[in-house]
S.K.: 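This structure is in structure tokens; I'll ask about it shortly.
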Amino acid sequence: MSGPVAFQILGPLRVEVAGRAVAPIGSRARTVLSVLLLHAGQSVTAEQLVAALWTDGAPPPTARTQLHMLLSRLRKTLLGHPVIETRPGAYRIDTRVARLDSHHAERLIEEGRRLGDPALYRRALALWRGPVLDGFDHAEVRRLEELRLTAVGEWAALELGRGCPSRVAERLAPMVADLPYYESLRAQLVLALDRLNRRQEALHVLREGTRLLDRELGLEPGPELRRAEQLVRGRTPAQLPPAVAAFTGRDGDVERLCGLLTDGGEHVVAVSGPAGIGKSALAVQVAHRLAGLFPDGQLYVNLHGSTPDTEPAATAEVLGRFLRALGATVPADQEEAAAAFRSMTHGKRLLVLLDNAAGPEQVRDLLPGSATCGVLITSRRLLGSVDAARHHPVEGLPPDEAVALLGRLAGTARVGSEPEAAAEIAELCGRLPLALTIAGAKLAGQPDLSVRALAGRLAVEQRRLAELALHDQAVRTSFMVSYQDLGDAAAARLFRLLGLLDVPDVGVPVAAALAGLPEQRAAVLLDRLAENQLVRSDVPGRFHLHDLLRLFARERAAEEETGADRTGAVRRALHCYVATARHATLAVEPTIGWRIDFLPGSLDHPGVPLGSRDEVDEWIDAETDNLVAAARQAASGIAPEVAPYLSACLNAPLEGRGRRREQLTLAYITRTAARLTGDRRHAGLADNDLGWALHWLSRAEEALACFDRALRAWAGYDAGTALALHGRGVVLRVLERYEESLESLERARAAWHRLGHARQEAGCLTGVGLTCQRLGRHDDAVAAHEAAIGLARDSAARVTEVMALGNLGEAHRLAGRREAAAACFTEALRLDRLRGLSGTYWEAEHLWGLGRVRGDRALLNRSAAILRDLDLIDDAEAGAIATGPAPRTPAAIADQL
């Protein structure tokens with residue numbers, strides 16, 4: 001115990017000040033201090049203290065005076081430490097200053113209960129040095145003594161559950177001699193002696209207890225002694241299989257499951273997860289940890305719900321086994337047997353582990369008849385219809401625990417000598433315990449096989465599942481049981497087709513497109529797959545496959561689908577992405593016609609209709625990673641033309657969400673795809689979009705090179721040439737090559753004017769205005785921006801209009817026309833909100849402009865918050881804006897102006 005003043009009351013009273021024991025205090029002062037300590041942290045009235053000093057109920061007239069003198073003496077003894085506080089008419093021990101061994105003991109006991117840790121109980125019990133305060137007559141003393149006995153009983157149960165009966169027998173034998181009528185401790189001693197094979201001693205302790213109760217008190221033995229007697233006579237089941245020796249990690253899972261089984265609520269817990277995730281090992285580990293808290297025994301059965309080539313266990317057969325284990329007669333009728341099982345378990349503290357359940361119908365009649373029992377169920381299926389069950393899904397191991405499991409099996413030093421290869425194996429195994437166990441066993445069985453060599457073998461996707469097999473263990477076989485258990489041809493087909501897509505997750509529309517099904521039907525099948533743990537759904541409406549399950553699904557597709565069917569399925573899914581991206585870009589900027597021109601005349605799927613900016617933003621946030629992955633898969637050769645389609649349609653929606661790096665990635669992917677398609681327009685698009693993405697990321701020299709390449713690729717394509725010239729002009733401005741910038745922008749503007757593309761011409765004009773601003777030609781800048789606004793309005797180019805309006809505000813600000821600038825920025829912000837541009841880069845730019853004009857720090861901070869949400873500035877820059885005396889314009893904005 002730390003602190004300036006420590007009190008030990010779990011035995012004779014001891015006081016330490018600054019780590020040194022104080023001299024003994026008189027008996028009356030000790031009485032006052034004892035009462036205060038027993039109520040530490042609470043106010044004790046002077047009347048209560050006087051009553052404790054004069055127990056005959058007749059205190060002298062000077063009682064208050066004497067009490068004050070005793071308190072004064074105590075304060076001197078405590079060397080002036082403010083431990084004893086004076087309250088109106090009362091006194092209190094200040095627990096912020098004082099430390100009590102009783103408080104420490106209670107905290108240890110509470111933590112021991114929560115964690116099921118006997119070591120914490122041992123630390124708590126070691127604090128008792130004898131009767132509390134030498135047997136001081138007080139209700140709190142009696143409570144603490146009862147707490148000690150309860151803690152001893154709970155500690156003994158945990159030690160017995162962990163196979164340590166000798167500790168229990170050693171401690172309890174003298175306590176039972178001192179407390180012969182305390183049945184709980186006697187029962188635990190009987191159990192300990194029995195497990196030490198000292199059966200005659202156990203029976204003697206039982207008989208002695210029964211004799212004392214009958215002779216001295218005229219009582220029959222209570223339920224705990226009767227249960228102990230049943231065990232000694234061989235009628236308490238202890239059926240748990242041995243804990244898995246290589247069990248590693250899972251501390252959070254173990255703690256939560258222990259809590260669910262001991263928290264006073266319904267004690268039926270269903271542990272679910274895909275094949276090979278380690279459900280059974282986890283459940284057995286938890287069951288062993290808690291076995292001591294269920295003294296009526298532990299029942300176990302493997303229900304074979306997912307065992308290859310084995311029928312699931314019949315419920316009636318399992319009921320018979322359980323009833324025989326409990327010493328009961330087995331009725332022939334299953335309903336009667338279930339009722340008998342509920343009767344036998346009513347009021348008992350029994351732990352039942354139902355491992356590998358096929359489904360809810362298999363386990364309903366195996367549930368005990370009382371909430372005093374604990375039930376752990378493991379299943380590959382979600383058992384949502386099991387009454388009162390609480391559910392705990394199990395996921396793959398965290399990376400460090402996955403590597404630790406590998407080391408536990410193959411040797412810590414061996415795995416530690418090749419940490420990068422070991423981490424690679426963990427990921428290639430999907431951090432699935434079954435796969436890791438097989439990999440670890442292979443390393444253990446082949447001392448000459450390096451960790452790097454095994455990682456290399458597993459890295460080959462086509463061989464990975466074959467590598468993850470050893471003797472009677474195989475990841476593929478385990479998955480096959482779940483697949484065959486579906487019993488639904490449509491669900492099985494959807495599962496194997498999902499394996500063909502290289503995307504992180506799918507929504508219902510894409511899954512429906514993949515399988516060529518209506519969305520409602522696809523949603524039902526996806527739920528069926530999730531129920532059978534073949535897909536996961538962590539976000540409503542979105543589904544993903546474990547990496548190894550994806551490989552298995554792809555294998556099944558290769559076996560059971562024709563090449564044409566596989567190609568058609570992937571093409572439909574990719575076209576769903578493209579068609580939806582088309583809707584997205586038209587919702588954001590309806591006049592962006594040149595990008596739509598890249599799409600084919602017809603698509604194999606109509607996509608998801610998106611009618612508003614909010615819908616587009618929501619779709620982009622949910623699908624960006626999938627869209628990039630889909631483009632990458634398409635560019636790998638299956639449908640290379642899809643990558644340019646996606647890049648063409650996604651540029652504007654991604655720009656609105658500040659997804660600069662995704663734009664960059666899509667542009668690189670499009671460049672790869674263009675080499676396969678041989679289409680110069682695709683190559684020009686790739687370099688054009690790459691140039692803009694690099695410009696946004698402040699990499700101007702690289703961006704200029706990209707626009708130059710786009711100009712060459714698009715030679716003869718007037719719209720492409722104009723696009724490349726526009727991009728060159730913008731980047732040349734950033735590079736401070738202003739005259740070249742104006743020349744390139746003017747050529748682009750003229751080309752767009754000839755082509756009749758007013759929106760694009762407006763974009764070039766506002767680019768001219770920004771370059772004029774850099775040259776200090778503010779009137780020319782204003783004229784260019786105003787012309788851009790007029791063209792944008794005439795062509796309904798909503799984003800271009802708002803962008804040009806903000807640029808006009810900046811031109812007025814630089815010219816010193818603050819009111820005109822404020823009016824422009826205010827109008828731009830109004831249009832941002834009206835046109836669904838809230839939360840975009842444009843709103844951030846306009847907030848910043850208005851904030852600078854008005855000197856309004858709140859507006860600057862709002863701008864910074866948007867830029868941070870879009871990942872265009874980091875936390876440090878946002879903090880500098882919030883706290884700096886004169887914050888600089890962020891590069892994300894400054895580079896665009």
S.K.: Where do T345 and R342 come nearest, in terms of heavy atoms and distance?
M.R.: OG1-O, 3.2 Å
S.K.: For R20, does the CZ atom have more than 12 heavy-atom neighbours from other residues, nucleotides or ligands under 6.0 Å away?
M.R.: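 12 or below, so no.
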S.K.: What's the shortest heavy-atom distance between R186 and V205, and which atoms?
M.R.: NH1-O, 3.0 Å
S.K.: Check the surroundings of atom NE2 in H68: do more than 12 heavy atoms from other residues, nucleotides or ligands lie under 6.0 Å from it?
M.R.: yes
S.K.: Below 4.5 Å, heavy atoms only, C-beta onward: do W155 and R122 meet side chain to side chain?
M.R.: yes
S.K.: Show your reasoning for whether salt bridge (Lys or Arg N to Asp or Glu O under 4.0 Å) applies to R99 and E16.
M.R.: CA-CA 10 Å; R99 298 290 181 268; E16 291 182 357; over 6 Å; no
S.K.: I want to check something: taking the side chain as every heavy atom from C-beta on, are V244 and Q285 in contact at a cut-off of under 4.5 Å?
M.R.: no
S.K.: Quick one, D365 with T315, criterion side chain to side chain donor-acceptor pair (under 3.5 Å). Give me CA distance, side-chain angles, the key distance, then yes/no.
M.R.: CA-CA 7 Å; D365 281 346; T315 302; over 6 Å; no
S.K.: How close do G396 and I277 get, counting heavy atoms only, and between which atoms?
M.R.: N-CD1, 3.4 Å
S.K.: Does T55 reach the main-chain N or O of A51 with its side chain, forming a donor-acceptor pair under 3.5 Å?
M.R.: no
S.K.: Using 4.0 Å as the upper bound for N to carboxylate O, is an ion pair formed by R167 and E170?
M.R.: no
S.K.: Of all heavy-atom pairs between G374 and L261, which one has the smallest distance, and what is that distance?
M.R.: CA-CD2, 4.1 Å
S.K.: Under a plain distance cut-off of 3.5 Å, with no hydrogens placed, do Y121 and E154 share a side-chain donor-acceptor pair?
M.R.: yes
S.K.: What's the spacing between L406 CG and T437 OG1 if we round to 0.5 Å?
M.R.: 9.0 Å
S.K.: Indicate the atoms forming the closest heavy-atom contact of R431 with A402, along with that distance.
M.R.: CG-CB, 3.7 Å
S.K.: So that I can tick it off, tell me whether E140 and R142 are bridged by a salt bridge, with the cut-off set at under 4.0 angstrom between side-chain N and carboxylate O.
M.R.: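 No, this pair does not count.
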S.K.: Main chain of L303, side chain of Q362: is a donor-acceptor contact present, judged purely on distance under 3.5 Å?
M.R.: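 Flag set: sc Q362 to bb L303 pair under 3.5 Å.
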S.K.: If you measure from NZ on K76 to CG on L71, what distance do you get to the nearest 0.5 Å?
M.R.: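 These two atoms lie 12.5 Å from each other.
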S.K.: Given side chains that start at C-beta, do those of V268 and R390 come closer than 4.5 Å, heavy atoms only?
M.R.: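 No. Closest side-chain heavy atoms not under 4.5 Å.
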S.K.: Start with the C-alpha distance between D355 and S280, add both sets of side-chain angles, then the distance that settles side chain to side chain donor-acceptor pair (under 3.5 Å), and finish with yes or no.
M.R.: CA-CA 6 Å; D355 195 16; S280 296; 2.6 Å; yes
S.K.: Below 4.0 angstrom, N of the basic side chain to O of the carboxylate: do D263 and R114 qualify?
M.R.: no
S.K.: Distance-only, no hydrogens or angles: does the E145 side chain make a donor-acceptor pair with backbone N or O of V132 under 3.5 Å?
M.R.: yes
S.K.: With a 4.5 Å heavy-atom cut-off, do V15 and L33 have their side chains touching?
M.R.: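 Side-chain contact under 4.5 Å: yes.
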S.K.: Is it true that a side-chain atom of R30 and a backbone atom of I25 form a donor plus acceptor pair closer than 3.5 Å?
M.R.: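 Looks like yes, one N/O pair under 3.5 Å.
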S.K.: Is the shortest distance from a Lys or Arg side-chain nitrogen in E47 or R64 to a carboxylate oxygen in the other one below 4.0 Å?
M.R.: yes
S.K.: Under the side-chain contact (heavy atoms from CB on, under 4.5 Å) rule, what do L13 and Q8 come out as? Steps first, then yes or no, please.
M.R.: CA-CA 6 Å; L13 177 62; Q8 298 177 21; over 6 Å; no
S.K.: Could you tell me whether the side chain of W128 reaches within less than 4.5 Å of the side chain of D101, counting heavy atoms only?
M.R.: no
S.K.: Determine whether a donor-acceptor pair (N or O, by modelled atom type, separation under 3.5 Å) exists between the side chain of R14 and the backbone of A21.
M.R.: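 No, because the side chain of R14 does not come within donor-acceptor range (under 3.5 Å) of the backbone of A21.
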S.K.: Donor-acceptor pair, distance only, cut-off 3.5 Å: does the side chain of H346 make one with the backbone of G369?
M.R.: yes
S.K.: Can you confirm whether the side chains of D253 and H392 place a donor and an acceptor under 3.5 Å from each other?
M.R.: yes
S.K.: Between Y300 and L354, does the side-chain contact (heavy atoms from CB on, under 4.5 Å) criterion hold? Intermediate values first, please.
M.R.: CA-CA 6 Å; Y300 170 83; L354 305 174; over 6 Å; no
S.K.: Are L353 and V284 close enough, and set up right, to give a side-chain contact (heavy atoms from CB on, under 4.5 Å), and what steps lead you there?
M.R.: CA-CA 8 Å; L353 175 47; V284 170; 3.8 Å; yes
S.K.: Under 3.5 Å, side chain of T372 to main-chain N/O of K348, donor-acceptor pair present?
M.R.: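 Looks like yes, one N/O pair under 3.5 Å.
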S.K.: From L436 CG over to L409 CG, what is the distance, rounded to the nearest 0.5 angstrom?
M.R.: 8.5 Å
S.K.: Return the CZ to CG distance between R256 and D251, rounded to the nearest 0.5 Å.
M.R.: 15.5 Å
S.K.: May I ask you to decide if G273's main-chain N or O and K279's side chain share a donor-acceptor pair within less than 3.5 Å?
M.R.: yes
S.K.: Which pair of non-hydrogen atoms, one from R171 and one from M175, has the smallest distance, and what is that distance?
M.R.: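 Shortest heavy-atom contact: O-CG, 3.5 Å.
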S.K.: Is the backbone of V44 close enough, under 3.5 Å, to the side chain of H39 for a donor and an acceptor to pair up by distance?
M.R.: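 Not a single qualifying donor-acceptor pair exists.
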S.K.: Start with the C-alpha gap between E106 and R143, add the side-chain angles, then the distance that decides, and say whether salt bridge (Lys or Arg N to Asp or Glu O under 4.0 Å) holds.
M.R.: CA-CA 12 Å; E106 293 198 67; R143 187 192 72 82; 2.9 Å; yes
S.K.: Please determine, by modelled atom types, if S102 and R107 share a side-chain donor-acceptor pair under 3.5 angstrom.
M.R.: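 No donor-acceptor contact under 3.5 Å links the two side chains.
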S.K.: Applying side-chain contact (heavy atoms from CB on, under 4.5 Å) to V301 and R321, what does each step give before you reach the verdict?
M.R.: CA-CA 9 Å; V301 63; R321 290 167 53 183; 3.6 Å; yes
S.K.: Are any of the side-chain heavy atoms of S166 and L196 separated by less than 4.5 Å?
M.R.: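 A side-chain contact exists here, since the closest heavy-atom pair is under 4.5 Å.
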S.K.: Is a side-chain donor or acceptor of T95 paired with a backbone partner of A98 at a separation under 3.5 angstrom?
M.R.: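 Such a contact is absent between T95 side chain and A98 backbone.
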S.K.: So, R123 and E111, do they make that salt bridge, N to O below 4.0 Å?
M.R.: no
S.K.: Can we say E110 and R113 salt-bridge, meaning some charged N sits less than 4.0 Å from an Asp/Glu carboxylate O?
M.R.: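 Looking at E110 and R113, the cut-off is not met.
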S.K.: May I ask you to decide whether R408 forms a salt bridge with E401, counting only side-chain N to carboxylate O separations under 4.0 Å?
M.R.: no
S.K.: If you define the side chain from C-beta out and look only at heavy atoms, does anything of L149 sit under 4.5 Å from Y182?
M.R.: yes
S.K.: Are the side chains of P165 and L191 in contact, using a 4.5 Å heavy-atom criterion?
M.R.: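 A side-chain contact under 4.5 Å is absent here.
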S.K.: Inspect the surroundings of CZ in R129 and state if more than 12 heavy atoms from other residues, nucleotides or ligands are less than 6.0 Å away.
M.R.: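 Yes, CZ of R129 has more than 12 neighbouring heavy atoms, counting only those of other groups under 6.0 Å.
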